[in-house]
Amino acid sequence: MPAIIPDVSPRGKFITFEGLDGSGKSTQIAKLARGLRARGISVVVTREPGGTTTGEKIREVILHSATAGLSPYAEMALMFASRAQHIHQVILPALAEGQIVLCDRFTDSTEAYQGGGRKLGSKSVLQLHEVLCGNLQPDLTILLDNDVNLTIDRARRRNRQHKTKRPDKDENRFEQESRAFFGRVRNAYLAIADREHQRVHIVDARGTPRETHAVIMELVRKRLRL
Ligand code: TYD
């Protein structure tokens, strides 16, 4: 079998952000990137699904509300197709150059949304991660946790605004899911954090963006020994 993941010992650090839609990940990633760059650290900010030309095309298909009748397994396969390309084209090269990669969502999202939300279970997600992603693990995962109802309302409001401004850019498919779906997603996230407590840190995202940023900066500072 061809080696999918080149045998390099990554010198950079891989930090992923997780949480429900509307949990404030993008704001926190932008703040952390600014904070690290201000210390002269080279940072790559990227996201999933997406992060490459191929991945962004896959993203459009998965998130568009007109994508109807997509089977949960097809959805999971597309998430992994985007991820495999992303690892190959962006994440591993950046780590090999010693950069810090800040990634908005990674395989924990698939375990939470497809494994938990869509009830496909964790096992198939972890098996696919092993085969398609060479079992690449983040050095640190920040799980932004918040009240399910509050978070989903925020995500729906934001996407409605985006839709008015950019009708061509529709990323609403997941926001249409039920509260029960997001409840299962959150429970799956908490189970991952419990199982992988060395890697996954739960950050209470109910404070102001500034308060949450201070907690994250401290966590990253300790972990990266800045
Ligand atoms: P994202 O752009 O992070 O949404 P938001 O900014 O609203 O948090 O992610 C898009 C959607 O894709 C989100 O609803 C979660 C979903 N998703 C999965 O279901 N599985 C996955 O593996 C990933 C990466 C995302």
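Counting starts at 1 for both ligands and their atoms, in listed order.
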For ligand 1, the portion of R154 having any non-hydrogen atom under 4.0 Å away
neither
For ligand 1, does S23 get within less than 4.0 Å through its side chain, its backbone, both, or neither, judged by non-hydrogen atoms?
neither
If the plane angle is over 60° it's perpendicular, under 30° parallel, otherwise tilted; pick one for Y113 and Y189.
perpendicular
Assess the pair H86 and F80: is the distance between their ring centroids shorter than 6.0 Å?
no
Nearest protein heavy atom with distance in Å, relative to atom 14 (O) of ligand 1
D21 OD2, 2.4 Å
Using side chain to side chain contact (heavy atoms under 4.5 Å, CB included), reason through L102 and V44 one step at a time and then give a plain yes or no.
CA-CA 6 Å; L102 303 183; V44 172; over 6 Å; no
Quick one: is the NZ or CZ of R184 closer than 6.0 Å to the six-membered ring centre of F181, and within 45° of its axis?
no
Nearest neighbour of atom 23 (C) of ligand 1 from the list S82, S109, G115, on a heavy-atom basis:
S109
Establish, for the pair R105 and F17, whether the NZ or CZ atom is under 6.0 angstrom from the six-membered ring centre and no further than 45 degrees off its axis.
no
Option whose closest heavy atom lies nearest to atom 9 (O) of ligand 1, chosen from R105, E175, E171, Q114
R105
Just by modelled atom types, is the F14 backbone N or O under 3.5 Å from a matching donor or acceptor in the D139 side chain?
yes
Which ligand 1 atoms, with their elements, are less than 4.0 angstrom from a heavy-atom of R83?
22 (O), 24 (C)
R47 contact mode with ligand 1 (heavy-atom cut-off under 4.0 Å)
neither
Do D170 side-chain atoms and S65 backbone N/O form a donor-acceptor pair below 3.5 Å?
yes
Please assess E75 against I62 for the test side chain to side chain contact (heavy atoms under 4.5 Å, CB included), listing each intermediate value before the final yes or no.
CA-CA 7 Å; E75 185 178 275; I62 311 177; 4.3 Å; yes
Could you tell me whether E75 and ligand 1 have an N or O pair separated by under 3.5 Å?
no
For ligand 1, is any non-hydrogen atom under 4.0 Å from R158's backbone (N, CA, C, O), its side chain (CB onward), both, or neither?
side chain
Residue portion contacting ligand 1 (non-hydrogen atoms closer than 4.0 Å) for L63:
side chain
Any idea which atoms of ligand 1 are less than 4.0 Å away from a heavy-atom of D104?
3 (O)
What is the nearest protein non-hydrogen atom to atom 21 (C) of ligand 1, stated with its residue, atom name and distance?
M79 SD, 3.3 Å
Pairing donors with acceptors under 3.5 angstrom, does anything connect the side chains of T16 and T141?
yes
Count the heavy atoms belonging to other residues, nucleotides or ligands that lie under 6.0 Å from CZ of R210, then report whether that count exceeds 12.
no
For ligand 1, which atoms, with element, lie under 4.0 Å from some heavy atom of P49?
23 (C), 24 (C), 25 (C)
Where ligand 1 meets R59 - atom numbers and elements under 4.0 angstrom, heavy-atom basis
2 (O)
Is there a nitrogen or oxygen of Y113 sitting under 3.5 Å from a nitrogen or oxygen of ligand 1?
no
For ligand 1 and T110, I'd like to know whether there is a polar contact (N/O to N/O, distance under 3.5 Å).
yes
